[in-house]
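Each ligand, and each atom within it, is numbered from 1 in the order the structure gives. Throughout, numbering of the chain's residues begins at 1 and tracks the sequence.
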Amino acid sequence: MIQKQWFWTLPVVLMITGALAAVGVAQNVAKEKEFRIERSMPKEAIACIECHKREHPGLFADWAHSRHASANITCYDCHKAEAFDPDVSQEHYKQYQRSDQPYGTTEYKIPVAAVVTPKDCSRCHPDEAKQYSLSKHANTMEIIWKIDPWLNKGMNSDVERATGCYHCHGTVLKMKDGTLDPETWPNVGVGRINLDGSKGGCTSCHTRHMFSVMEARKPEACGQCHLGPDHPQIEIYMESKHGDIYTAHGDDYNWTAAPGTWSPGVDFRGPTCASCHMSGAGTTLTTHDVTERLSWEIQAPLTIRPSDFKPFPAKTNWQTERDKMKVVCTQCHGKTWVDNHYVKLDKVVAEYNDVYFKPAKAMLNQLYDNGLLDKTKFFDERLEVEYYELWHHEGRRARMGTAMMAPDYAWWHGFYECKKRYNNYMEEARDLIKHNKKAYQATDYPNATGNTSKPKEVFPTDP
Ligand code: HEC
Ligand code: HEC
Ligand code: HEC
Ligand code: HEC
Ligand code: HEC
Ligand code: HEC
Ligand code: HEC
Ligand code: HEC
């Protein structure tokens, strides 16, 4: 029954596809982008759809509602694999030995992989995949293993990493006994290292199988990771006027405007994360590289320019990137409004650097030099934690609250907390120096069991 309905709708789908293809070609002349739209499906692809429609109706429905389904992009187009690929699902071959399913026979047998990587998507979306590969999102595994003491000093456990850090940042996927290793999968972190060597998971923002631009344009798509004490961008956004406007008028925004055409002031009244950081506006083109449009590293201990960020220097010029962001703002604001906003941001950056960060850092170095703090581990002495939270928590909140127009984060969660932390830190540090007293060191630091060797997949030449 269900099967028949499917075949009835197929010709209709194909007609729509034909029309879409014609439109697509007309719009894309200048871009030289080629979508391979099949007029019919191979029988193996029909088998995927038919069998999975019964087995996983939820998954099927998502696909059926996607642009992919209307463009005749099938399960097989994304999950296709070569029999020798490292990530091919050995388990799945068993599906073609079933007697309860008309499509469960060897006639339809074909290798599939569960993991669908940016490399797979790049067959049809080369620009997005290329841009993405340049971003800090894609390269975050390299960055965090270069700089983060939780990892390279081994201060947390592997499961704490898998459920925390790697869920957002990504993990190194591995196979175990023909299936994906449960310690690494499922995972759709932004910088996941895939078995084909590509970096990232496009489902971080476009969840499968709708792969919707609407979803990615909403702030909640970013808020899953961009929240909390150390990078509260979603809270900052919701507190800002832009967030207020989204709350009041978001239901009326034209979320489904065609990719690349979503225009400030026309399709929406107030910007979202995506509008400022990714979507096109005026002369600023849509990008999948979130490192574009930034003029500072306001997450770093000492605020610097993106091109001076040693672990992963951006190949950008900060002035050019700032100008691109300003083009977004000036779709809705006058030049003075926007320029003055940046004047404030630059002042906050300078004050944070000079008044809070530099003296705190100098004090930390002095404590190490005097042997009052021990350098071998991090976080096992109280002042190390205080120093960390000063820049990593409130120091970031002050800068980010300013950058994205949230006064409560700039002041109460930001500089106010900085002052409090700074005074307590300095008081205790001076006390240690005065009495030449070694700081208490936690010898039973909990769960400092994580592996400290950098992943080979990211650092192949490291010992
Ligand atoms: C546009 C590409 C694309 C298409 C089309 C597609 N998938 Fe997927 N599929 C993905 C991605 C991406 C993932 C997530 C895995 C990842 O992050 O690598 C996924 C995950 C899955 C999973 C494992 C996830 C889970 O929740 O168990 C199954 C099963 C699956 N797809 C089946 C299908 C079926 C069946 C179809 C056709 C109805 C289909 N896919 C169509 C890209 C696609
Ligand atoms: C005869 C039924 C059947 C057919 C045909 C079939 N599948 Fe599956 N597939 C399943 C079932 C059932 C599962 C879930 C297995 C489980 O839960 O252990 C599955 C799992 C998967 C997974 C997840 C594998 C993993 O390792 O997590 C993917 C991806 C997938 N199928 C894609 C496809 C694609 C693509 C096709 C067509 C080329 C296809 N399937 C054809 C029944 C089928
Ligand atoms: C075989 C070709 C093909 C593959 C592989 C493919 N896509 Fe697509 N994709 C298309 C076509 C065709 C469209 C529809 C044309 C359009 O809207 O630009 C589309 C549209 C989209 C859209 C826009 C949807 C919307 O709401 O307008 C997104 C997002 C997307 N794809 C993401 C992905 C991701 C992520 C992957 C990999 C997991 C992927 N695609 C793999 C061909 C493909
Ligand atoms: C809820 C998701 C989430 C979790 C969990 C998480 N992070 Fe992050 N992390 C982020 C986001 C988002 C940023 C970007 C902050 C920014 O640029 O403002 C970030 C930034 C960082 C940075 C700074 C990178 C840079 O470019 O300077 C490091 C290092 C880092 N995280 C390491 C870790 C480690 C190690 C863990 C676990 C102990 C962890 N993170 C847990 C989401 C997360
Ligand atoms: C950080 C979130 C995020 C990630 C990760 C992401 N996208 Fe997107 N994507 C977006 C947003 C936001 C849009 C909507 C842009 C607009 O307004 O037109 C979009 C739009 C698209 C479109 C529609 C065409 C276009 O360029 O606007 C395609 C295709 C697409 N993404 C593919 C991908 C692929 C392939 C990947 C993985 C390499 C990926 N996306 C990863 C946020 C993301
Ligand atoms: C799955 C988690 C996740 C999602 C979803 C996510 N991000 Fe991120 N984002 C991160 C992490 C992790 C980093 C830090 C990378 C690093 O610096 O190592 C980051 C960094 C950034 C940066 C800083 C880049 C730089 O060069 O300093 C921006 C801007 C950003 N994200 C914007 C967005 C936007 C906009 C969205 C939604 C459209 C989004 N992110 C969705 C995890 C995520
Ligand atoms: C009105 C536009 C606007 C909106 C909306 C917006 N941002 Fe930003 N964002 C900015 C500006 C401006 C900066 C500072 C850029 C610079 O470095 O010059 C910034 C900085 C950032 C950074 C810090 C980059 C770094 O590491 O130094 C991250 C991460 C970020 N935004 C993510 C988000 C997320 C996630 C959302 C939504 C919850 C969001 N932004 C909403 C304009 C915006
Ligand atoms: C889609 C249109 C749009 C875009 C794009 C946009 N804004 Fe706004 N912004 C608004 C609106 C509308 C308001 C509310 C003005 C009011 O208070 O009446 C606003 C308010 C503000 C405010 C005042 C906040 C307050 O609490 O009073 C500042 C500052 C601001 N925007 C800066 C920026 C900057 C900087 C950018 C670019 C990084 C930007 N905006 C991008 C529409 C936009």
Side-chain angles (χ1 to χ4, degrees), residues 17 20-21 24 27-28 33 35-38 45 48-49 51-53 55-56 58-64 66-80 87 89 92 112-125 128-129 136-137 139-140 143-152 155-156 160-161 163-169 173 185-190 192 194 201-216 222 224-228 230-233 256-260 290 294 297-301 309 311-312 392 396 399-400 450:
T17 306
L20 268 178
Q27 279 177 345
N28 281 318
K33 198 184 280 186
F35 291 123
R36 234 170 51 89
I37 298 174
E38 299 273 349
C48 325
I49 297 166
C51 185
H52 276 275
K53 188 162 64 172
E55 295 283 347
H56 308 112
L59 192 156
F60 165 80
D62 273 356
W63 172 78
S66 72
R67 290 291 298 267
H68 287 130
S70 45
N72 208 26
I73 309 298
T74 67
C75 324
Y76 183 57
D77 286 316
C78 289
H79 289 280
K80 122 208 223 116
D87 57 354
S89 172
H92 197 266
V112 306
V115 186
V116 180
T117 73
K119 197 171 166 189
D120 298 318
C121 312
S122 77
R123 286 201 300 134
C124 305
H125 303 300
E128 289 78 7
K136 266 200 182 178
H137 273 159
N139 294 285
T140 186
I143 297 170
I144 65 176
W145 272 100
K146 278 185 178 162
I147 63 178
D148 201 285
W150 291 110
L151 306 176
N152 55 36
M155 298 309 284
N156 52 8
E160 284 169 351
R161 292 174 187 178
T163 50
C165 323
Y166 299 161
H167 198 119
C168 299
H169 286 265
L173 286 186
W185 179 264
N187 181 287
V188 292
V190 280
R192 187 178 81 188
N194 300 299
C202 305
T203 39
S204 305
C205 301
H206 309 281
T207 56
R208 64 183 176 274
H209 280 95
M210 297 263 280
F211 296 104
S212 139
V213 283
M214 178 259 262
E215 181 177 342
C222 320
Q224 186 201 2
C225 302
H226 287 272
L227 80 173
D230 54 340
H231 31 69
Q233 282 99 12
T256 52
V290 288
L294 301 181
E297 296 279 351
I298 52 177
Q299 87 295 346
F309 183 70
F312 192 76
H392 190 266
R396 275 186 181 171
R399 290 172 283 169
M400 291 178 186

Are [X] and ligand 4 in contact, using a heavy-atom cut-off of under 4.0 Å?
X: G228; answer: no
X: G164; answer: yes
X: F309; answer: yes
X: R161; answer: no

Atom indices of ligand 1 within 4.0 angstrom of V188 heavy atoms, with elements: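 Heavy-atom distances to V188 below 4.0 Å select 17 (O).
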
In ligand 1, which numbered atoms sit nearer than 4.0 Å to a non-hydrogen atom of V115?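 Listed by number with element: 18 (O).
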
Looking only at protein heavy atoms, which one is nearest to [atom], and how far off is it?
atom: atom 2 (C) of ligand 1; result: C78 SG, 2.0 Å
atom: atom 13 (C) of ligand 1; result: R208 CD, 3.5 Å
atom: atom 18 (O) of ligand 4; result: M400 CE, 2.8 Å

When you measure from [atom] to each heavy atom in [options], which option holds the nearest one?
atom: atom 40 (N) of ligand 1; options: R192, M210, H92, H209; answer: H209
atom: atom 32 (C) of ligand 1; options: V112, D87, L59; answer: L59
atom: atom 43 (C) of ligand 3; options: S122, S204, C124; answer: C124
atom: atom 22 (C) of ligand 4; options: K136, R396, Q299; answer: R396
atom: atom 39 (C) of ligand 3; options: K80, E128, R123, H125; answer: H125

Provide the number and element of each atom of ligand 4 under 4.0 Å from a heavy atom of N156.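 Matching atoms, with element in brackets: 38 (C).
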
Where ligand 4 meets C168 - atom numbers and elements under 4.0 angstrom, heavy-atom basis: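 Checking each atom against C168, I get 1 (C), 2 (C), 3 (C), 4 (C), 5 (C), 42 (C), 43 (C).
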
Going by heavy atoms, is [X] under 4.0 Å from ligand 1?
X: A114; result: yes
X: H56; result: no
X: F211; result: yes

Relative to ligand 1, is [X] under 4.0 angstrom through side chain, backbone, both or neither, heavy atoms considered?
X: T203; result: side chain
X: H79; result: side chain
X: C75; result: both
X: W185; result: side chain

Taking only heavy atoms of A71, which atoms of ligand 3 are found under 4.0 Å from at least one of them?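 Ligand 3 atoms under the 4.0 Å threshold to A71: 12 (C).
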
Quick one: report the N, O or S atom of H169 that is nearest to atom 8 (Fe) of ligand 4.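 Nearest N/O/S atom: NE2.
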
When rounded to the nearest 0.5 angstrom, what distance separates NE2 in H206 from SG in C121?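 H206 atom NE2 to C121 atom SG measures 9.0 Å (nearest 0.5 Å).
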
Per-residue contact class, Q233 against ligand 4 - non-hydrogen pairs under 4.0 Å: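 For Q233, the contact with ligand 4 is made by the side chain alone.
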
Should the proximity of E160 to ligand 4, defined as any heavy atom under 4.0 Å, be assigned to the side chain, the backbone, both, or neither?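 None of E160 does.
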
For ligand 3, which part of [X] has a heavy atom less than 4.0 Å away: the side chain, the backbone, both, or neither?
X: A216; value: neither
X: C121; value: both
X: D120; value: backbone
X: V213; value: both

Do you see a protein non-hydrogen atom under 4.0 Å from atom 24 (C) of ligand 1?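 At least one protein heavy atom is under 4.0 Å away.
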
Which atom, counting only N, O or S, brings H68 closest to atom 8 (Fe) of ligand 3?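 Going through the N, O and S atoms of H68 one by one, NE2 ends up nearest to atom 8 (Fe) of ligand 3.
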
Assess C165: does it contribute an N, O or S atom lying under 2.8 Å from atom 8 (Fe) of ligand 4?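 No, C165 does not qualify, because none of its backbone or side-chain N, O or S atoms lies under 2.8 Å.
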
